[in-house]
Amino acid sequence: MTSVAPTPETPEIGVETFGDITEDLQGRSLSHAQVIRNVIVEGQRAEQVGLDFFGIGEHHRDDYSVSAPEIVLAALAQATEKIRLGTAVTVLSSDDPVRVYERFATLDAISHGRTEIIAGRGSFIESFPLFGLNLDDYESLFEEKLELLAKVRTGLPVTWAGEHRTALEDQQLYPLLEQDPITTWVGVGGSPQSVIRAARHGLPLFMAIIGGQPAAFEQLVQLYHRALKQFGQPTQRVGAHFHGLVAPTDKEALELLWPHYQRTMNRLGAERGWPPASKMRLEASMGLDGSMMAGSPQAVATKMAKVAKTLGLSRVDIKYSAGSLPHETMLDSIELLGREVKPLVHEMLAK
């Protein structure tokens, strides 16, 4: 499947979800099974309104429904025709790159080449004890597994040896790819070491910008491009992930988002030692220089265009799910993002 490569002037715009456990409009929590079914409907809506990518994150805890995103994506591949499908992220540290290849090569066949991997370490550690891994190996596991994934993603025979799994000697993996190597991004937070690692492997960079000012990531992007040159790698794309919600007005976006955002942040804060969530801080993050892509279509488009230009992004993804935010509200947000925000962004960047 080929298309014109996106650029910072015409960036792809996508959406992502972790399959957050949501409430219905009466405030009742939905089952994990119903949330998974709703995620498929949300992916279909994303295609219908012209968005470019639909990503599903992998988690292994009670507040998220999706632990096997490739299965949900396979169902979605049969229910869509054009939108690109991938993970956000695949927790590579606790997975086997050979199995990752096998699952995604299968998904690539089902979707006619619309598959992408965003490989990262994830922001939670539940998968380590679940799969019998030692947290002391956190760094070495990811480094080694990314090295192997960078090789196997091509679909060519692989020779490789490392510390954490058996060696491969001219090993062919199946199914064979029909077209190009599987598009594989490296998902990073704010670590320069992670950026350099992505460049060393010659893989495109996907940044999680979920706090602070997006402009602060410009130095990391510059570092990435310098590192690509130093490693003799070709130019690669840069994308970024933000949390957000689009509503008819800024005030409505704030009021819709706040109770669900507050509940989620306070739960995570209790686990990680953060202060209680603040509505004032949320509203500030929705401002032009903040990290939250939330507000009216005009406000979100203005911020998105500014960030895409500043950071040279060829894709911007919005995590449209936010804790217990209802399915119906998320569908409305996806609709506005595709029908109003995306055209506005491209119009602004074309000037």
Side-chain angles (χ1 to χ4, degrees), residues 1-7 10-19 39-40 42-44 46-47 50-58 66 68-92 95 97-122 145-146 148-155 173 175 177-188 198 201-208 224 234-242 308 313-320 338 342:
M1 182 177 181
T2 59
S3 60
V4 176
T7 68
T10 55
E12 292 179 334
I13 296 175
V15 286
E16 301 172 0
T17 180
F18 297 165
V39 166
I40 294 172
E42 291 153 15
Q44 290 175 291
E47 175 169 89
L51 293 171
D52 301 295
F53 176 78
F54 190 82
I56 304 178
E58 171 197 346
V66 181
E70 300 90 346
I71 295 178
V72 185
L73 292 167
L76 192 51
Q78 289 292 282
T80 57
E81 296 179 355
K82 297 185 295 183
I83 194 167
R84 296 193 63 80
L85 305 168
T87 45
V89 298
T90 292
V91 184
L92 188 62
D95 213 330
V98 171
R99 290 294 288 147
V100 171
Y101 169 85
E102 291 176 338
R103 297 195 305 267
F104 277 90
T106 302
L107 179 59
D108 208 53
I110 295 169
S111 66
H112 293 273
R114 291 186 281 137
T115 297
E116 298 187 6
I117 303 168
I118 303 178
R121 291 181 287 188
K145 292 183 177 190
L146 184 62
L148 180 54
L149 183 62
K151 290 178 177 291
V152 300
R153 64 178 281 269
T154 65
L173 304 183
L177 294 174
E178 197 169 45
Q179 310 181 65
D180 299 329
I182 300 170
T183 298
T184 303
W185 305 75
V186 179
V188 305
H201 293 296
L203 296 173
L205 184 72
F206 217 95
M207 301 180 294
Y224 173 66
T235 300
Q236 298 289 345
R237 294 193 291 157
V238 177
H241 149 112
F242 301 83
L313 303 178
S314 61
R315 193 165 86 217
V316 180
D317 284 355
I318 306 300
K319 181 182 180 287
Y320 66 90
K342 181 180 174 181

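Values reported hereafter were calculated over all heavy atoms of this structure, with side chains retained and with hydrogens, waters and symmetry mates removed.
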Handout entry: Note, Val238 side chain near Ser314 side chain (heavy atom, < 4.5 Å)
Key = no
Problem - pair Glu102-Val100: side-chain heavy atoms closer than 4.5 Å - result: no
Handout entry: Side chain Arg121, main chain Leu92, donor-acceptor under 3.5 Å
Key = no
Handout entry: Arg237/Glu12 salt bridge by N-O under 4.0 Å criterion
Key = yes
Practice task
Start with the C-alpha gap between Arg103 and Asp108, add the side-chain angles, then the distance that decides, and say whether salt bridge (Lys or Arg N to Asp or Glu O under 4.0 Å) holds.
Solution key: CA-CA 9 Å; Arg103 297 195 305 267; Asp108 208 53; over 6 Å; no
Practice task
On the 0 to 90° scale, with breaks at 30° and 60°, tag the Phe18-His241 ring pair as parallel, tilted or perpendicular.
Solution key: parallel
Exercise for the section: Return the minimal non-hydrogen interatomic distance between Ala46 and Val15, and the atom names on each side. Expected result: CB-CG2, 3.9 Å
Handout entry: Arg114 side chain vs Ser111 backbone, donor-acceptor pair below 3.5 Å
Key = yes
Exercise for the section: Check the pair Asp52, Lys82 against salt bridge (Lys or Arg N to Asp or Glu O under 4.0 Å), reporting the backbone distance first and the verdict last. Expected result: CA-CA 8 Å; Asp52 301 295; Lys82 297 185 295 183; over 6 Å; no
Practice task
Would you name the heavy atoms of Thr154 and Pro181 that are closest together and state the gap between them?
Solution key: CA-CB, 3.8 Å
Handout entry: Pair Phe242-Val316, side-chain contact (heavy atoms from CB on, under 4.5 Å): steps then yes or no
Key = CA-CA 8 Å; Phe242 301 83; Val316 180; 3.8 Å; yes
Exercise for the section: Could you go through the side-chain contact (heavy atoms from CB on, under 4.5 Å) check for Leu313 and Met207 one step at a time? Expected result: CA-CA 10 Å; Leu313 303 178; Met207 301 180 294; 4.1 Å; yes
Exercise for the section: Compare every heavy atom of Ala119 with every heavy atom of Leu149, then report the nearest pair and how far apart it is. Expected result: CD2-CB, 3.9 Å
Problem - Test item: Tyr101 side-chain N/O and Pro175 main-chain N/O as donor-acceptor pair under 3.5 Å - result: yes
Problem - Within-4.5 Å side-chain heavy-atom neighbours: Thr115 and Leu85 - result: no
Practice task
Answer whether the closest heavy-atom distance between the side chains of Arg153 and Leu203 falls below 4.5 Å.
Solution key: yes
Fill in the blank from the handout: Residues Gly43 and Thr80: closest non-hydrogen pair is O-CG2, 4.3 Å
Completion exercise
Of all heavy-atom pairs linking Pro97 and Asp95, the shortest is CD-O, 3.8 Å
Handout entry: Tyr224 and Val188, any side-chain heavy atoms less than 4.5 Å apart
Key = no
Handout entry: Phe53 six-ring centre to Arg315 NZ/CZ under 6.0 Å and within 45° of normal
Key = yes
Exercise for the section: Keeping the roles fixed (side chain from Lys342, backbone from Gly50), state whether a donor-acceptor pair exists under 3.5 Å. Expected result: yes
Handout entry: Pairwise distance CD(Gln78) to CD1(Ile40) - rounded to 0.5 angstrom
Key = 11.0 Å
Exercise for the section: List the steps and the verdict of side-chain contact (heavy atoms from CB on, under 4.5 Å) for Thr90 and Ile118. Expected result: CA-CA 6 Å; Thr90 292; Ile118 303 178; over 6 Å; no
Completion exercise
Correct closest heavy-atom pair for Ala77 and Ile110 would be CB-CG2, 3.8 Å
Practice task
Could you check Thr17 against Tyr320 for side-chain contact (heavy atoms from CB on, under 4.5 Å), going step by step and ending with a plain yes or no?
Solution key: CA-CA 6 Å; Thr17 180; Tyr320 66 90; 3.4 Å; yes
Problem - Leu205 side, atom CG; Gln236 side, atom CD - distance, nearest 0.5 Å - result: 10.0 Å
Practice task
Using atom types as modelled and distance alone, determine if a side-chain donor or acceptor of Glu16 lies under 3.5 Å from a backbone N or O of Phe54.
Solution key: no
Practice task
Could you tell me whether a side-chain N or O of Thr184 sits under 3.5 Å from a main-chain N or O of Ile182, the two making a donor and an acceptor?
Solution key: yes
Problem - Check: Glu58 side chain, Pro69 main-chain N or O, donor-acceptor pair, under 3.5 Å - result: no
